[in-house]
> 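Structure provided below as structure tokens; questions to follow.
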Amino acid sequence: MFYFQQHSLRTTTTAHLMQTMSLIPLTALELYQHVEAELAANPALELIAERRCPVCGRLLPEGGYCPVCTRPISADGSEPIVFVSQRTDFVGGIGKRGQEEGEDEDEERFFKQPENLAEYVLQQIAPELGVEDRALAAYWLSHLNEDGLVDVSIEEVAWYHHVPVERVRAVQRLIQRCEPLGVGSCTTKEALLVQLDVLKEGNWVAELAQRMIVDGWDLLGKRQYGELARLLDCSVANVEAAVSYIAQNLNPFPGRGHWGQESNSHRSGQAYYVPDMIFSTADLNGKTQIMVEIIQPLAGTLRVNPLYQKITREAQGEQREELRSDLERAVLLVKCLQQRNHTLQRMMRLLTVMQRDFILGDERSLKSLTRAELAQQLGLHESTISRSVANKVVQLPNGRMLPLASFFVRNLGVRSVLRELVAKETYPLSDTELMNGLAERGFVVARRTVAKYRALEGILPSALRRPTGKRAV
DNA sequence: CTATGGCACGGATT
DNA sequence: AATCCGTGCCATAG
């Protein structure tokens, strides 16, 4: 029999196979590629059009989700619904998004997988372009460097293709709005502005960031915050806040895949815009029910080909051995897939309960949590959690994509108390005073650290806090 | 002189 | 082993 935990297979399997064993660390995209490759290489595996719930195995209704696994667990909606879904639309390219997911036609099981960033972007915009513009777009994208920026000028391209500059610009504009936001810009500055334009939620930080990039680009590069503040006629702390907003929400190199301060070195380029899990909400007697969809990008059910199984059983001698090894691989893959689904499901359920408010959009109610804690509660090894979290991307109900790793933060306690202290202050407290205040409440940190948190929370320095009043963020 | 930000190092986390 | 985070020291602004 097989074991899927930390133990290795002691059967005839090779070392290489053991590596492929755990599918848990794989992202949706990787899983898709992995399965596709396996499917092509191993005749014992088959993907049948029949849709079954990957978790409980029940037959799915037309285009729907498993009636059992997606049933509310508790009537008040406090328990999240976590289920595995088989949608492939994200992996196959955004272009398909508008259409339906129900097609089970065999030929359509797998979309063409974009080989690189350029192709991926092209797929997104192709439907909106005429033939000529498509060529233009392709040309433009062929100049993408690994940062997702283009180093030829619009004029050059226009000249080369004998079309008006405006035309090229229009195409570029279209490209820039694709995922990853800002691709195909000529400069970092341009990329940031595009992102800002799409993302800005009308909040003051974003506005300021925009002005900052437009007017104070050079100063920004030199980190001359004081100068910037003067130029933009605002406080240094505001500048700081805007800078941190940029650092956290924008990506100067659209091709290098990730947002925020999380860094995942491999998985560069294509990646973060394919969510691995999607949160959505539904109303349930006034209570908000959270649903978590774990993407398993298979349009159908993966299983061991029964015919193959039969042949193997009947085969003799050497041939039989050959067949058996394929069969084992197939069985292994299927089981690993189940294992992955099960583990991820458990993890997401717990995670969703703990970070409920955060998921619902309240940035501030992110609770501090470490991977180790979660591992303990789930009875899993912490490295398992680490790896399942690494490189994965989730989509929140509000549409925002962020790394799953952002659910794990260490010191939220201190930071929320800090906010509270500032909110209640009668006069602008200095960092040192804040430090003491925090210490009284049990958070002993250095003065320097207080300053850092302050910046992170977008709170102004004491000297400048009074005139502007308090920040509601 | 006080309050803060930058830089960089060491310990903790993953 | 690679990364992240808290801190100490120093420079700078007010």
Side-chain angles (χ1 to χ4, degrees), chain A residues 6 22 24-25 27 212 216 219-231 234-248 256-268 343 347 351 366-378 380-393 402-418 421-422 425 427-439 441-468 471:
Chain A
Q6 280 73 26
S22 176
I24 297 176
T27 65
M212 204 154 85
L219 292 176
L220 187 59
K222 284 183 270 177
R223 308 192 157 220
Q224 311 257 24
Y225 298 154
E227 284 292 314
L228 268 176
R230 198 168 317 144
L231 178 70
C234 68
S235 72
V236 174
N238 277 339
V239 171
E240 286 293 337
V243 168
S244 99
Y245 177 86
I246 292 175
Q248 299 206 4
R256 292 209 181 284
H258 62 266
W259 291 353
Q261 60 279 66
E262 321 297 334
S263 62
N264 18 27
S265 36
H266 58 291
R267 182 188 190 161
S268 62
T343 305
M347 186 180 88
L351 204 54
L366 181 62
K367 299 193 181 52
S368 96
L369 173 72
T370 75
R371 292 152 171 82
E373 275 175 60
L374 194 72
Q376 216 210 336
Q377 291 203 37
L378 287 171
L380 295 170
H381 190 52
E382 63 176 76
S383 76
T384 309
I385 300 290
S386 260
R387 283 192 272 153
S388 26
V389 166
N391 297 327
K392 296 230 168 62
V393 168
L402 74 178
L404 184 56
S406 13
F407 284 68
F408 302 86
V409 193
R410 281 175 272 209
N411 325 299
L412 259 259
V414 201
R415 286 165 62 168
S416 65
V417 173
L418 177 66
L421 281 179
V422 176
E425 76 189 359
Y427 67 100
L429 263 37
S430 75
D431 283 355
T432 315
E433 290 166 312
L434 285 171
M435 179 185 85
N436 293 330
L438 286 173
R441 295 169 195 232
F443 297 102
V444 195
V445 288
R447 183 233 100 218
R448 190 62 192 77
T449 310
V450 174
K452 288 248 156 133
Y453 286 154
R454 217 173 21 68
L456 278 176
E457 297 291 340
I459 299 170
L460 304 101
S462 65
L464 304 164
R465 221 177 296 143
R466 178 47 93 189
T468 337
R471 278 295 152 215

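Each chain gets a letter, A, B and so on, in the order its sequence line appears, and its residues count up from 1. The structure presented is a predicted model; accordingly, all values stated were derived computationally and were not measured.
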> Say you draw a straight line from CG of A/Leu418 to CG of A/Leu456; how long is it, rounded to the nearest 0.5 Å?
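These two atoms lie 10.0 Å from each other.
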> On DNA chain B, does the nearest nucleotide to A/Ser386 precede the nearest nucleotide to A/Leu429 from the 5' side, or the other way round? Give the residue.
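It is A/Leu429, whose closest nucleotide lies nearer the 5' terminus.
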> Starting at CG of A/Leu369 and ending at P of B/dT13, how long is that distance when rounded to a whole Å?
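Interatomic distance, CG of A/Leu369 to P of B/dT13: 14 Å.
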> In whole angstroms, how far is the C1' atom of B/dT14 from the CZ atom of A/Arg387?
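Going from A/Arg387 (CZ) to B/dT14 (C1'), I get 12 Å.
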> Starting at CZ of A/Phe443 and ending at C1' of C/dT7, how long is that distance when rounded to a whole Å?
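Answer to the nearest Å: 18 Å.
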> Take the protein atom CG of A/Leu374 and the nucleotide atom P of B/dT14, then report the distance between them rounded to whole Å.
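Computing the A/Leu374:CG to B/dT14:P distance gives 11 Å.
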> Going through the checks in order, is the side chain to side chain contact (heavy atoms under 4.5 Å, CB included) test met by A/Phe408 and A/Leu369?
CA-CA 5 Å; A/Phe408 302 86; A/Leu369 173 72; 3.8 Å; yes
> Atom CD1 of A/Ile24 and atom CG of A/Leu380: how far apart are they, to the nearest 0.5 Å?
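Nearest 0.5 Å value for the CD1-CG distance: 7.5 Å.
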> Determine yes or no for a side-chain-to-main-chain donor-acceptor pair under 3.5 angstrom, with A/Glu433 supplying the side chain and A/Ser430 the backbone.
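Yes, A/Glu433 side chain to A/Ser430 backbone: donor-acceptor pair under 3.5 Å.
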> How long is the line joining CE of A/Met435 and P of B/dG5, in whole Å?
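Computing the A/Met435:CE to B/dG5:P distance gives 15 Å.
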> Short of 4.0 Å, heavy atom to strand atom, which residues of residues 444-454 of chain A count as contacting DNA chain B?
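Those residues whose heavy atoms fall under 4.0 Å from DNA chain B, taken from residues 444-454 of chain A in numerical order, are A/Arg447, A/Arg448, A/Ala451, A/Lys452, A/Arg454.
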> Tell me, do A/Tyr453 and A/Asp431 make a side-chain contact under 4.5 Å, heavy atoms counted?
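Side-chain contact under 4.5 Å: no.
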> With a sphere of 6.0 Å drawn around CD of A/Glu373, does it hold more than 12 non-hydrogen atoms of other residues, nucleotides or ligands?
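Atom CD in A/Glu373 is packed in, count exceeds 12.
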> Supply the atom-to-atom distance A/Met347 CE to A/Arg371 CZ, rounded to the nearest 0.5 angstrom.
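Output value for this atom pair is 10.0 Å.
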> When the C1' atoms of the five terminal pairs at each end define the local axes, what inter-axis angle does the helix from B/dC1-C/dG14 to B/dT14-C/dA1 show, to 10 degrees?
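End-to-end axis angle for the helix from B/dC1-C/dG14 to B/dT14-C/dA1: 10°, rounded to 10°.
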> In sequence, state the C-alpha distance, the side-chain angles, and the governing distance for A/Val422 and A/Leu429, and then conclude on side chain to side chain contact (heavy atoms under 4.5 Å, CB included).
CA-CA 7 Å; A/Val422 176; A/Leu429 263 37; over 6 Å; no
> For A/Arg387 versus A/Lys392, what's the shortest heavy-atom pair and its separation?
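Scanning both residues completely, I find the closest heavy atoms to be O-NZ, 4.2 Å.
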> Within this structure, what is the CD-to-P distance between A/Glu373 and B/dT13, rounded to whole angstrom?
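That distance rounds to 11 Å.
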> Using modelled atom types and a 3.5 Å cut-off, is there a donor and acceptor pairing between side-chain atoms of A/Arg454 and backbone atoms of A/Ile459?
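Present.
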> Distances under 3.5 Å between protein N/O atoms and the N/O atoms of nucleotides 1-3 of chain B, please, pair by pair.
none

> Evaluate side chain to side chain contact (heavy atoms under 4.5 Å, CB included) for A/Leu404 paired with A/Leu351, printing each intermediate quantity in order.
CA-CA 10 Å; A/Leu404 184 56; A/Leu351 204 54; 3.9 Å; yes
> Whole angstroms only, please: what is the CG-C1' distance between A/Leu460 and B/dG5?
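It is 15 Å, rounded to the nearest whole Å.
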